[in-house]
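Below is one structure, written out as structure tokens; comments come after it.
One is the number of the first residue; the rest follow in order along the sequence.
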Amino acid sequence: MRVTIGTWNVAGRHPCEDLEIDDWLCTEDPADIYIIGFQEVVPLNAGNVLGAEDNTPIPKWEAIIRRSLNKSSEPDSKHKSYSAPPSPVLRTSSAADLLADTIDADNPIPIDMMIEEYVATVDNNEMEQQEVKSIIDIENNLQLRRIYGIDIDWPEHSLDAVPQIVDSNSKLRRVLSSSARIGFSRAESGLVYGVGLKRSHHSSGNLGLLWQQQQGIPEVVDSLEDVSDVLSAEDGDTFIVPNNEDDDEFGTTESCPSPRYVRIVSKQMVGIYVSVWVQRRLRRHINNLKVSPVGVGLMGYMGNKGSVSISMSLFQSRMCFVCSHLTSGQKEGAEHRRNSDVHEILRRTCFSSSVFDADQPQTIPSHDQIFWFGDLNYRINMLDAEVRKLVALKKWDELKNYDQLSKELRMGHVFDGWKEGLINFPPTYKYEINSDRYVGERPKEGEKRRSPAWCDRILWLGKGIKQLQYGRAEIKLSDHRPVSSAFLVEVEVFDHRKLKRALNFTRAAVHPEIFLDEDGEI
């Protein structure tokens, strides 16, 4: 998989609507996954740090990211992105992905518009209220809460949001589904999905459709392998799609193509904001999404400094992305406080798990592949005049010898075992706003003298990671320049055929006289 990571301290400045970030996100070489992190997305003043969280800039940044990533597929319109809940992997074939892309292209209509319409219907119908209650009663059932394999436009609600019942008076659209473990209950002429989609099933395959008719409590189908193998019109599913001719606030219409990239998770903690975007075909292969924010700022716990970490599984590989903003300052010994921030983040970051996924990683180091990025704030231990001279001469290697983070890495004081790519670009901090000049080139009375430094960094840890690119973009909105890096990441994909062969060999070892071929025949 190609993974692109971007980090940018935007100094609390709001972007203009036409801001171009293509160079930063390296969209000329599209990635499968984008992880985009910001620092100081809002000013770090007392009101924002101690008061209510200000998320005013977030929709603006989201719209810019969405437009940039989906520019090729939707050049003249903005679209809302829709998140998919986590889902396990039973099918990883290219045919299934191709089918998903086809279905997505035919179903651009968001279903969050449906929810509000149908909630009113449920409120006025006592029988449907009972149906909703029966679903809520088993909300703690992990299999029901996770709706697997229905690849449509999901609304960006909480992954554990209470499901809603869908009215039956809507336009029906037929789509195929390669699904697994779908929670359902009996309701009138069809089956009511946990996401509020009514399914009229007419498949002759082995679906294991079992429910308790007397109690009407939904159960879970443990496997639908037979269905996912038969991708034909004979074994299709019927879903309700709203007949809504009005555009949503972002201009989504039925005539617009579905976006190629969708946001699957995002999180803000004061000034730190991180979001993950994936190609639509990969949504079904991502599960176990979890987020853990850690504040290490004021009093050691406030969110003006700290990290937001995201844990997820891509196929069978467990990945972690840590977006952080560490202690600032250029005084001697300030790097030790930054080291302390890193150790505190590693110690306190915890991804909660239930009895159903106890085998999932709960700490940052327990993942297979980890990426750490952000404004790490490490400086260059040289006299200001010497730093500026070497920057003018583009002597990056010589400057790197005095870089605090490089030194701390070599000595094993922090990020032990982690890697960083070759830095072949100018220091990213500190610039005059809307200028190519570093602060201090034209000294002003009372102005703090900040030497140029590579504050914005991207590190990684784990096997199967190859860095393809590491650089910065020349966007002058902030006093920092944005940094990005592209990677090729090997992911583990479960192979059912290999498992079947392994089971056959095991059986042969237990019963030497019995041998099975790949079709299970003796």
Minimum heavy-atom distance between Pro57 and His14, given as atom pair plus value: CG-NE2, 3.4 Å
Smallest separation among heavy atoms of His367 and Ser311, with atom names: NE2-OG, 2.6 Å
Counterpart residues, ring-ring contact (aromatic ring centres under 6.0 Å, His included), relative to Tyr34 (two or more places apart): Tyr261
Smallest separation among heavy atoms of Tyr273 and Ser266, with atom names: OH-CB, 3.3 Å
Working for side-chain contact (heavy atoms from CB on, under 4.5 Å), residues Arg457 and Val483: CA-CA 7 Å; Arg457 313 288 275 268; Val483 172; over 6 Å; no
Lys400 side, atom NZ; Ile380 side, atom CD1 - distance, nearest 0.5 Å: 10.5 Å
Donor-acceptor pair, side chain of Asp368 and main chain of Ser317, under 3.5 angstrom: no
Residue pair Trp454 / Phe425, side-chain heavy-atom distance below 4.5 Å: yes
Arg450 side chain to Lys430 backbone, donor-acceptor under 3.5 Å: no
Leu488 CG to Met1 CE distance, which is reported to the nearest 0.5 Å: 11.0 Å
Residue pair Leu326 / Asp375, side-chain heavy-atom distance below 4.5 Å: no
Contacts of type ring-ring contact (aromatic ring centres under 6.0 Å, His included), residue Trp396, not counting sequence neighbours: none
Side-chain H-bond candidate by donor/acceptor type, Gln360 with Asn288, under 3.5 Å: yes
Candidate pair Tyr378 and Arg338, rule side-chain contact (heavy atoms from CB on, under 4.5 Å), full reasoning: CA-CA 8 Å; Tyr378 287 94; Arg338 292 186 266 275; 3.7 Å; yes
Rounded distance [0.5 Å steps], CG in Asn381 versus CG in Asp403: 8.5 Å
Check: Asn48 main-chain N/O paired with Asn45 side-chain donor or acceptor under 3.5 Å: yes
Shortest non-hydrogen contact from Leu461 toward Gly417: CD1-O, 3.3 Å
Heavy-atom side-chain proximity of His343 to Arg348 below 4.5 angstrom: no
N-O pairing of Arg281 and Asp32 below 4.0 Å: yes
Close side-chain approach of Arg13 to Asn434, heavy-atom, < 4.5 Å: yes
Non-hydrogen side-chain atoms of Leu376 and Ser324 separated by less than 4.5 Å: yes
Cationic N near anionic O, under 4.0 Å, Glu492 to Arg318: no
Partner set under side-chain contact (heavy atoms from CB on, under 4.5 Å) for Glu474, not counting sequence neighbours: Arg472, Arg481
4.5 Å side-chain heavy-atom contact, Ser309 and Phe321: no
Spacing of SG belonging to Cys455 relative to CG belonging to Asn9, to within rounding of 0.5 Å: 8.5 Å
Any Phe487 side-chain heavy atom under 4.5 Å of Thr4 side chain: no
Which atom pairs, one a donor and one an acceptor, fall under 3.5 Å between side chains of residues 291-304 and the rest of the protein, sequence neighbours left out?
{"unit_1": "Ser292", "atom_1": "OG", "unit_2": "Cys350", "atom_2": "N", "d": "3.3"}
{"unit_1": "Ser292", "atom_1": "OG", "unit_2": "Cys350", "atom_2": "O", "d": "3.3"}
{"unit_1": "Asn304", "atom_1": "OD1", "unit_2": "Leu298", "atom_2": "N", "d": "3.0"}

Step-by-step side-chain contact (heavy atoms from CB on, under 4.5 Å) determination, Trp372 to Trp418: CA-CA 9 Å; Trp372 193 307; Trp418 291 67; 3.6 Å; yes
Sub-4.5 Å side-chain heavy-atom contact between Met312 and Lys290: no
Ring geometry between Trp61 and Phe38 (parallel below 30°, tilted from 30 to 60°, perpendicular above 60°): tilted
Sequence neighbours excluded - side-chain hydrogen bond (donor to acceptor under 3.5 Å, both in side chains) pairs with any residue from residues 383-392: Asp384-Arg388, Asp384-Arg449, Asp384-Ser451
Quiz: residues 462-470 side-chain donor-acceptor pairs under 3.5 angstrom, not counting sequence neighbours:
{"unit_1": "Gln467", "atom_1": "NE2", "unit_2": "Ser485", "atom_2": "OG", "d": "2.8"}
{"unit_1": "Gln469", "atom_1": "OE1", "unit_2": "Ala486", "atom_2": "N", "d": "3.4"}
{"unit_1": "Tyr470", "atom_1": "OH", "unit_2": "Glu420", "atom_2": "OE2", "d": "2.7"}
{"unit_1": "Tyr470", "atom_1": "OH", "unit_2": "Ile458", "atom_2": "N", "d": "3.1"}

Check: Trp8 side chain, His480 main-chain N or O, donor-acceptor pair, under 3.5 Å: yes
From Gln279 atom CD to Arg283 atom CZ, the distance as rounded to the nearest 0.5 Å: 12.0 Å
Smallest separation among heavy atoms of Ile433 and Asp479, with atom names: CD1-N, 3.5 Å
Salt bridge flag under 4.0 Å for residues Glu441 and Arg437: no
Candidate pair Thr327 and Asp341, rule side-chain hydrogen bond (donor to acceptor under 3.5 Å, both in side chains), full reasoning: CA-CA 7 Å; Thr327 297; Asp341 288 347; 2.5 Å; yes
Interatomic distance, Ile364 atom CD1 to Leu346 atom CG [nearest 0.5 angstrom]: 5.0 Å
Pair Lys60-Glu17, salt bridge (charged side-chain N to carboxylate O under 4.0 Å, His left out): steps then yes or no: CA-CA 7 Å; Lys60 297 180 181 180; Glu17 291 185 1; over 6 Å; no
Single hit among Val491, Ile286, Asn287 for side chain to side chain contact (heavy atoms under 4.5 Å, CB included) with Phe315: Val491
Glu408 and His413 side chains, donor-acceptor separation under 3.5 Å: yes
Side-chain (Thr349) to main-chain (Ile345) donor-acceptor, under 3.5 angstrom: yes
Worked verdict on Val342 versus Phe415 for side-chain contact (heavy atoms from CB on, under 4.5 Å): CA-CA 8 Å; Val342 172; Phe415 292 116; 3.7 Å; yes
Worked check of salt bridge (charged side-chain N to carboxylate O under 4.0 Å, His left out) between Lys71 and Asp22: CA-CA 10 Å; Lys71 188 173 295 185; Asp22 295 9; 2.9 Å; yes
For Glu490 against Gln369, the heavy-atom pair lying closest together: O-NE2, 2.8 Å
Tyr438 side-chain N/O to Pro427 backbone N/O, donor-acceptor pair under 3.5 Å: yes
Check ion pair Glu335-Arg379 (N to O, under 4.0 angstrom): no
Working for side-chain hydrogen bond (donor to acceptor under 3.5 Å, both in side chains), residues Thr7 and Asp456: CA-CA 7 Å; Thr7 179; Asp456 310 279; 5.2 Å; no
Glu53 side-chain N/O to Val270 backbone N/O, donor-acceptor pair under 3.5 Å: yes
